[in-house]
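These numbers come from the heavy atoms of this one structure, side chains and all, not from hydrogens, waters or symmetry mates.
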Amino acid sequence: QVQLVESGGGLVQPGGSLRLSCAASGSTFGTATMAWYRQAPGKQRELVAHITSGGSTNYADSMKGRFTISKDNAKNTVYLQMNSLKPEDTAVYYCNYNQYNPISRRYESYWGQGTQVTVSS
């Protein structure tokens, strides 16, 4: 059982910055991949970035050069630094925990409650 709690969202002007945090409890990161997703009204949830247990990262094309995902294993916390924010970045941002279970042959996935990011002047 894993619980994820996001924080750091809010209202920011275009060009501004925010840092989101995701604190995990109930489990250490272990071999899990941690990720940030976002969902705007009327749109499907999309991947923003992910980071593996080994520290490898990947970003959606629209976020490259602006967003940075990082983690602190000792604190079981994942961060998303967002710079040069645009109005189209407005969405609910969700933290995700994903780990493969070799017994069930399935990925175990957990989600946070989400934090609202609004980019507007």
Backbone N or O of Asn98 within a donor-acceptor pair of the Ser109 side chain at under 3.5 Å?
-> no

Under the 3.5 angstrom rule, does the side chain of Glu6 hit a backbone N or O of Gln113 as a donor-acceptor pair?
->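 Yes: the side chain of Glu6 pairs with the backbone of Gln113.
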
Looking only at non-hydrogen atoms, find the nearest pair between [X] and [Y] and report the distance.
X: Gln99; Y: Ala32; answer: OE1-N, 3.2 Å
X: Tyr110; Y: Leu4; answer: O-CD1, 3.4 Å
X: Tyr59; Y: Ile69; answer: OH-N, 2.9 Å

Nonpolar side-chain network containing [X], other nodes, edges under 4.5 Å:
X: Val5; value: none
X: Tyr100; value: Tyr107
X: Leu11; value: none
X: Ile103; value: none

With sequence neighbours excluded, what pairs up with Lys64 under the side-chain hydrogen bond (donor to acceptor under 3.5 Å, both in side chains) test?
->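 side-chain hydrogen bond (donor to acceptor under 3.5 Å, both in side chains) list for Lys64, sorted by chain: Asp61.
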
Residues that Thr118 engages under side-chain hydrogen bond (donor to acceptor under 3.5 Å, both in side chains), provided they are two or more places apart = Gln116

Partner residues of Asp72 under the side-chain contact (heavy atoms from CB on, under 4.5 Å) criterion, sequence neighbours left out | Ala74, Lys75, Tyr79

In Å and rounded to the nearest 0.5 Å, what is the CD1 to CE distance from Ile51 to Met34?
->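 Ile51 atom CD1 to Met34 atom CE measures 10.0 Å (nearest 0.5 Å).
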
Hey, what do you get for CD (Gln44) to CD (Gln39), rounding to the nearest 0.5 Å?
-> 8.5 Å

Residue list, salt bridge (Lys or Arg N to Asp or Glu O under 4.0 Å) with Glu108, at least two apart or on another chain |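 With neighbours one apart ignored, the set is empty.
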
How would you list, by chain and number, every residue that makes a salt bridge (Lys or Arg N to Asp or Glu O under 4.0 Å) with Arg66, sequence neighbours excluded?
-> Asp89

Residue pairs passing the disulfide bond (SG atoms under 2.5 Å apart) test where at least one lies in residues 51-90, sequence neighbours excluded | none

Counterpart residues, ring-ring contact (aromatic ring centres under 6.0 Å, His included), relative to Phe67 (two or more places apart) =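 Result, ring-ring contact (aromatic ring centres under 6.0 Å, His included) vs Phe67: none returned.
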
Side-chain donor-acceptor distances from residues 12-25 under 3.5 Å, at least two apart:
| from | atom 1 | to | atom 2 | distance (Å) |
| --- | --- | --- | --- | --- |
| Ser17 | OG | Asn83 | OD1 | 2.9 |

